[in-house]
Number of protein chains: 2
Amino acid sequence: MKTSNKLGRPAAFDKDAALDVAMRLFWKQGYEGTSMADLSHAMGIHPSSIYAAFGDKQALFALAAKRYIEVPGQYMVRALAEPTFETFIRAAFYNTVEFLGGKEYPASCFTLTGSLSCGVDTEPAKALMLDIRLRNEAVLKARLLKARRAGEFSKEENIDDYTRYLSSLLSGLAVQAANGSTKAQLKRTAELALRHLGIGLLSEG
Amino acid sequence: MKTSNKLGRPAAFDKDAALDVAMRLFWKQGYEGTSMADLSHAMGIHPSSIYAAFGDKQALFALAAKRYIEVPGQYMVRALAEPTFETFIRAAFYNTVEFLGGKEYPASCFTLTGSLSCGVDTEPAKALMLDIRLRNEAVLKARLLKARRAGEFSKEENIDDYTRYLSSLLSGLAVQAANGSTKAQLKRTAELALRHLGIGLLSEG
DNA sequence: TCCATTCTCGAATAAGCATTACAGAAAGAT
DNA sequence: ATCTTTCTGTAATGCTTATTCGAGAATGGA
């Protein structure tokens with residue numbers, strides 16, 4: 001597993017690039033729909049080298065999920081950098097539309113397509129996806145609390161309820177993407193959501 | 001496959017009851033996560049009897065999906081019976097919350113957990129789930145058109161966009177249910193959605 | 001009673017699955 | 001150049017998968 005070792009034969013493949021391929025395949029086909037043979041073929045690495053470099057299938061999936069969070073999943077973190085509550089919400093929806101409707105990655109969201117349901121013996125994968133979804137909700141909630149402290153968010157509103165509502169709106173967009181919505185359609189759906197939230201339209205994109 | 005035949009040994013199991021069990025298992029574990037051995041065990045029928053009665057796994061899944069539409073999936077059809085647009089929307093959200101939060105069936109929606117992603121050789125199952133989701137959107141759209149004709153729905157609003165927005169709101173609730181939301185939490189999320197749609201609160205339930 | 005039909009059940013099939021054992025190859029260190 | 005370490009690729013592992021074969025059991029009709 002050590003990559004910084006100078007002894008021995010060097011690996012013939014780029015570990016990050018291979019992990020990126022695995023992430024995309026899990027994203028597209030889900031944990032159960034992706035076999036080690038599929039992965040070996042797509043990554044261009046023989047199975048035993050995959051096991052040597054990443055561990056077993058579940059470990060590889062966990063690493064793919066980690067990469068998902070750190071690379072494409074950063075779209076929500078970028079929205080968090082927005083200074084005000086309103087610009088944050090707008091950026092959250094805008095970035096989500098870009099993310100879901102873009103061509104660089106499979107449509108829909110890794111945390112849903114990765115494993116929404118599964119057999120009893122692959123539940124760790126499902127639990128991992130659930131964990132990420134709940135973490136994202138926690139991040140959203142923290143931002144709402146910050147907005148409340150800044151006086152940008154009504155004290156009448158229940159933070160937990162509003163968090164779940166926002167989360168469900170964003171998940172809804174992910175399902176729309178899985179349904180085949182184009183980026184333009186996703187954008188108009190997001191615009192409707194923002195309008196009903198009482199927040200202005202998306203900026204150009 | 002004929003059930004109305006009077007000749008030969010009669011089946012030792014109730015076909016409808018067995019199909020109901022299969023539906024619930026596919027609903028909970030998804031197409032790929034459910035093996036024929038799982039089904040055989042849960043249905044209490046030996047594999048060859050399943051093949052004789054329902055055909056192969058994909059055919060059984062299709063029959064389970066048909067049953068889903070005709071029995072638990074009727075919650076949206078019941079909402080369609082509401083006389084006005086506003087009572088329809090309210091009933092749609094209320095019934096969805098009852099459906100998702102109830103204990104009779106697995107949490108979340110069959111059309112998502114059944115197969116949202118899959119390997120290349122099980123794509124018919126995914127396509128079937130997508131087809132049902134798109135049919136449900138079409139039903140929603142037809143109701144919106146009716147509401148427009150009745151003057152209950154603004155002519156300014158784009159019907160297709162509004163349909164997709166409603167659909168994404170309801171899908172979002174299904175993901176919330178999969179995330180572990182209780183019925184009470186789902187209800188409050190739905191209430192927020194209705195409030196932002198400009199429609200009154202849910203009636204008691 | 002005997003026949004025709006259809007179901008049940010255990011066993012078998014062939015393919016695919018995740019995973020690993022092993023032999024050889026490639027590199028840096030000495 | 002040799003040694004040690006680590007990677008590569010082939011082939012095998014044992015298990016699970018969906019599906020079917022064939023023998024026996026159960027029924028209604030003649």
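Keep in mind the model is a prediction, meaning the values are calculated, not measured.
- In the set D:dT19, C:dT20, D:dT17, the nucleotide with an atom closest to the side chain of B:Ser35 is D:dT17.
- In this structure, the CD1 atom of B:Ile45 is 14 Å from the P atom of C:dG10, given to the nearest Å.
- Residue contacts shown for B:Thr34 are limited to sugar-phosphate atoms, with no base heavy atom under 4.0 Å away.
- Side-chain rings of A:Tyr68 and A:Tyr75 stay apart, their centers remaining 6.0 Å or farther from each other.
- The nucleotide whose nearest atom lies closest to any side-chain atom of A:His46 is, among D:dT10, C:dC9, D:dA18, D:dT10.
- Relative to the side chain of A:Met36, the nucleotides D:dT27, C:dA18, C:dT8 differ in distance, and C:dA18 lies closest.
- For the pair B:Asp121 and B:Phe13, both in contact range of DNA chain C, the more 5′-proximal nearest nucleotide belongs to B:Phe13.
- Comparing A:Gly44 and B:Glu32 against DNA chain D, the residue whose closest nucleotide sits nearer the 5' end is A:Gly44.
- Distance from the side chain of A:Ser48 is smallest for D:dG9 among the nucleotides C:dT19, D:dG9, C:dA27.
- The shortest side-chain heavy-atom distance between A:Ser167 and A:Asn136 does not fall under the 4.5 Å cut-off.
- Checking each of A:Phe93, A:Phe110, A:Trp27 against A:Phe99 for a ring pair (Phe, Tyr, Trp, His ring centres under 6.0 Å) leaves exactly one that passes, namely A:Trp27.
- Cation-pi geometry between B:Arg143 and B:Phe85 is not satisfied (NZ or CZ under 6.0 Å from the ring centre, within 45° of the ring normal).
- Checking D:dC7, D:dA18, C:dA18 against the side-chain heavy atoms of A:Ala11 singles out D:dC7 as nearest.
- For B:Ser49, taking side-chain heavy atoms from C-beta onward, the closest of the listed nucleotides C:dT8, C:dC17, D:dT17 is C:dT8.
- D:dT19 atom C1' lies 14 Å from atom CG of B:Leu39, rounded to whole Å.
- In this structure the side chain of B:Leu144 reaches within 4.5 angstrom of the side chain of B:Leu166, judged on heavy atoms.
- Rounded to a whole Å, the OH atom of B:Tyr51 is 17 Å from the C1' atom of C:dC7.
- If you measure from atom CD1 of B:Ile50 to atom P of C:dC7, you get 14 Å, rounded to the nearest angstrom.
- Regarding B:Asp14, its CG atom lies at a distance of 16 Å from the C1' atom of C:dC7, rounded to whole Å.
- Closest to the side chain of A:Lys57, out of C:dA18, D:dA18, D:dT20, is C:dA18.
- Protein atom CG of B:Asp56 is 12 Å distant from nucleotide atom C1' of D:dT20, rounded to whole Å.
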